[in-house]
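Take a look at the structure below.
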Amino acid sequence: GEDVEQSLFLSVREGDSSVINCTYTDSSSTYLYWYKQEPGAGLQLLTYIFSNMDMKQDQRLTVLLNKKDKHLSLRIADTQTGDSAIYFCAEKDSSASKIIFGSGTRLSIRP
Amino acid sequence: DTAVSQTPKYLVTQMGNDKSIKCEQNLGHDTMYWYKQDSKKFLKIMFSYNNKELIINETVPNRFSPKSPDKAHLNLHINSLELGDSAVYFCASSQERPARQYFGPGTRLTVL
């Protein structure tokens, strides 16, 4: 079945770039997403990328997609304390019936 | 304006009880979902309804029964609650399945 994997934790210094990585198994995924979950809140869509794109940039966020390796990454430039959250990678499965979420990466910011 | 709302936000109850969680969306979306997020933050889809019709039913005990009285509401009823049901339950909606999903704030269920 489809699977989405992420590392569980990432710690970066304030002002540095954060790179959160994700791998997925469904080669026919059409959309890949990054969601952010702040403490005590629901998930918010940060950005998404179509599978026919390699890169998408949106202000401080850069998404890179390597379809051959089934690897997705989210880069946050100039990481701020407000970026502390859990970041979920997700893919739209090939049957287009549901979105499959990764385990989430908890990003913590050091002063 | 709240897009996807859930009630209650917190629910503490004893094992064996029956409880319901309500979800409403005012976005005019056709599809609604229930997710369970466990203590390790793993997020798993439970159910999906499209225009009041069940389209996804993952491997969920039949103690869980979703009910969609209309397109804007998807409630979750849980019978005979067990300790392992303790989790945060998220409702979500989307215009198409399964495009961008809008999540509710979650309901933290604690079974004692």
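For the numbers below, each heavy atom of this structure counts, side chains included, while hydrogens, waters and symmetry mates do not. Reminder, nothing fancy here: chain letters follow the sequence lines and each chain counts from 1.
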Interface moiety of A/Ile86 toward chain B, non-hydrogen atoms closer than 4.5 Å: side chain
Checking A/Gln37 against chain B: side chain, backbone, both or neither under 4.5 Å from a heavy atom? side chain
List the atom of B/Leu43, the atom of A/Phe88, and the distance in Å for their closest heavy-atom pair. CB-CE2, 4.5 Å
Closest heavy-atom pair and its distance - B/Phe42, A/Ser103: CE2-CB, 2.9 Å
If Ile, Leu, Val, Met, Phe, Trp and Tyr residues are connected whenever their side-chain heavy atoms lie under 4.5 Å apart, and connections chain through other members, are A/Trp34 and B/Phe90 in the same group? yes
Examine B/Leu74 and B/Tyr33 and state if one hydrophobic cluster contains both, with Ile, Leu, Val, Met, Phe, Trp and Tyr joined whenever side-chain heavy atoms are less than 4.5 Å apart. no
Donor-acceptor contact present, side-chain B/Tyr102 to main-chain A/Leu45, <3.5 Å: no
For [X], is the [atom1] atom crowded, meaning more than 12 foreign heavy atoms sit under 6.0 Å from it?
{"X": "B/Phe64", "atom1": "CZ", "answer": "yes"}
{"X": "B/Lys22", "atom1": "NZ", "answer": "no"}
{"X": "B/Lys52", "atom1": "NZ", "answer": "no"}
{"X": "A/Arg13", "atom1": "CZ", "answer": "no"}
{"X": "A/Lys56", "atom1": "NZ", "answer": "yes"}

Approximate separation, where rounding is to 0.5 Å, of B/Lys40 NZ and A/Leu8 CG: 9.0 Å
Between CD of B/Gln101 and CD of A/Gln44, what distance do you get to the nearest 0.5 Å? 14.0 Å
Side chain from CB out, backbone as N, CA, C, O: work out which of these in B/Lys9 comes under 4.5 Å of a heavy atom of chain A, or both, or neither. side chain
Under 4.5 Å from any heavy atom of chain A - which part of B/Gln37: side chain
